[in-house]
Amino acid sequence: MRDGTLAILAKQQVGPTGTVHGIDASPEMITRAGAKARRVGLKVTFEKAAAQALPFRDAEFDVVTTTLMLHHLSADGRNQMAHEIHRVLKPSGRVLAVDFVQAPQDGGFIDRFRHHGVSTVDDIITEFRDSGLNIVASGAVGTKNLQFVLATAAADVARIRDRFVALGTEEPSGPARPAAMSHLHTIGLVLGIVALIAMHAGAPWWLSWRGLSDASNPISYTVIALMALFVIFKIGLLGGLHRWSRGRRQR
């Protein structure tokens, strides 16, 4: 759960008639999450508990989510958690797990120093299946080594999978924030290239025309001008490159 952000978003989705519970092993995170929920005026119940021993009744929840937590657990811990999730889910309930995983092709020298990714997607799928859950879908979320597994306690997996696929093809009902950000990054990339050209070609001419390159003027003027161009270059070009690299990873 960590700081309760996703639990608060879940409460916004289910509205006043739905209930949301968030758990974390850290008392500090529980305190922080509770304060955050109170600030936005939402009622979310947070309590200190372990994922391997959920403090809830059998068949209590329609949906269970776990985000960026599985990599902290051992294989035995993940197995216990999977059985606990199945226990608290309603017969038609669903579970969504999102976490860092170790890709099958990984394992090089650099990967030995990683603290995340202690399991693979296949491990999580196997653990869910061993607990009696049925796998609906799995795949990449968009960031390197961040994967999801969607499972259900229901036997009618095909219907849930069809709904999951349909949700992926629907037009978003809210503001198109990701698209807007993409356009901003594209504009930033263009500005960054322009700034780079200006730094190498236009800046010396402009400084000379303004008399800033003359020895009688303080050097700080020249430094400030170059720093301003560099900031534009960094924000624009690196922002555009970030968008380009994310697009490549998602393909």
Side-chain angles (χ1 to χ4, degrees), residues 1-15 18-25 29 33 42 44-46 49-52 54-56 58-73 75 77-103 116-170 172-174 178 250:
M1 182 203 70
R2 304 314 296 167
D3 63 355
T5 298
L6 291 180
I8 292 171
L9 291 174
K11 179 59 178 176
Q12 292 173 344
Q13 290 294 317
V14 301
T19 59
V20 176
H21 293 257
I23 67 165
D24 197 281
M29 289 296 105
L42 293 175
V44 182
T45 302
F46 296 105
Q52 302 94 314
L54 298 175
F56 306 116
D58 295 354
E60 184 171 353
F61 296 103
D62 295 294
V63 176
V64 173
T65 63
T66 168
T67 54
L68 308 185
M69 186 274 295
L70 291 174
H71 62 274
H72 292 296
L73 301 179
R78 293 194 304 271
N79 276 312
Q80 294 172 10
M81 186 204 69
H83 281 84
E84 280 291 274
I85 288 176
H86 192 193
R87 179 182 66 80
V88 302
L89 275 177
K90 293 180 180 180
S92 59
R94 302 177 303 281
V95 53
L96 175 65
V98 179
D99 216 300
F100 298 104
V101 300
Q102 188 75 32
H116 292 148
V118 296
S119 62
T120 67
V121 172
D122 290 339
D123 291 334
I124 299 173
I125 290 174
T126 299
E127 288 151 4
F128 277 0
R129 283 176 173 161
D130 289 346
S131 73
L133 294 166
N134 300 306
I135 305 302
V136 176
S138 64
V141 175
T143 302
K144 185 178 181 181
N145 284 359
L146 194 62
Q147 304 278 323
F148 80 91
V149 176
L150 176 64
T152 178
D156 189 5
V157 178
R159 178 181 59 82
I160 298 175
R161 183 179 292 115
D162 290 344
R163 178 56 180 160
F164 173 75
V165 173
L167 286 172
T169 58
E170 289 178 356
S173 56
Q250 292 173 349

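Values in this document were obtained by computation on a predicted structure and should not be read as measured data. What's counted below: heavy atoms across the whole structure, side chains too, no hydrogens, waters or symmetry copies.
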* Nearest 0.5 Å, what's the CG-OG distance between D156 and S92? -> 10.5 Å
* Asked: Mind checking what makes side-chain hydrogen bond (donor to acceptor under 3.5 Å, both in side chains) contact with D130, not counting sequence neighbours?
  -> none
* Please list, chain by chain and in numerical order, all residues satisfying side-chain hydrogen bond (donor to acceptor under 3.5 Å, both in side chains) with R129, sequence neighbours excluded. => none
* Are the side chain of K90 and the backbone N or O of V63 linked by a donor-acceptor pair below 3.5 Å? -> no
* Quick one: list whatever passes side chain to side chain contact (heavy atoms under 4.5 Å, CB included) with H83, sequence neighbours left out. => S131
* Asked: What do the steps show when you test T5 against D3 for side chain to side chain donor-acceptor pair (under 3.5 Å), and what is the final call?
  -> CA-CA 6 Å; T5 298; D3 63 355; 3.1 Å; yes
* For Q52, which residues count as a side-chain hydrogen bond (donor to acceptor under 3.5 Å, both in side chains) partner, sequence neighbours excluded? -> none
* Asked: What's the spacing between L54 CG and I85 CD1 if we round to 0.5 Å?
  -> 7.0 Å
* To do: In sequence, state the C-alpha distance, the side-chain angles, and the governing distance for L9 and Q12, and then conclude on side chain to side chain contact (heavy atoms under 4.5 Å, CB included).
  => CA-CA 5 Å; L9 291 174; Q12 292 173 344; 3.4 Å; yes
* Roughly how far, to the nearest 0.5 Å, is the CG atom of L96 from the CG atom of L6? -> 9.5 Å
* Worked check of side chain to side chain donor-acceptor pair (under 3.5 Å) between D123 and T126 -> CA-CA 5 Å; D123 291 334; T126 299; 5.7 Å; no
* To do: Among T45, V44, T19, find the one that has a side-chain contact (heavy atoms from CB on, under 4.5 Å) with K11.
  => V44
* Output the distance between atom CG (D58) and atom CD (E84), rounded to the nearest 0.5 Å. => 8.5 Å
* To do: Compare every heavy atom of F46 with every heavy atom of A7, then report the nearest pair and how far apart it is.
  => CB-CE2, 3.7 Å
* Structure fact -> CD (Q147) and CG (D99) are apart, to the nearest 0.5 Å, by 10.5 Å
* Could you list the residues that satisfy side chain to side chain contact (heavy atoms under 4.5 Å, CB included) with V157, not counting sequence neighbours? => N134, V136, T152, R161
* To do: Mind checking ring-ring contact (aromatic ring centres under 6.0 Å, His included) for F61 and listing every partner two or more places apart, or none if nothing turns up?
  => H21, F56
* Can you sort out the partners of A10 under side chain to side chain contact (heavy atoms under 4.5 Å, CB included), two or more places apart, ordered by chain and number? => V20
* Structure fact -> Here the gap from T66 atom OG1 to F148 atom CZ, rounded to the nearest 0.5 Å, amounts to 14.5 Å
* To do: For A75, enumerate each residue passing the side chain to side chain contact (heavy atoms under 4.5 Å, CB included) test, keeping only those at least two apart in sequence or located in another chain.
  => R78
* **Heavy-atom closest pair, residues L146 and F100** => CD1-N, 3.9 Å
* Minimum heavy-atom separation for L133 to A82, with atom names? -> CD1-O, 4.3 Å
* Structure fact -> Of all heavy-atom pairs linking A97 and L70, the shortest is CB-CD1, 4.0 Å
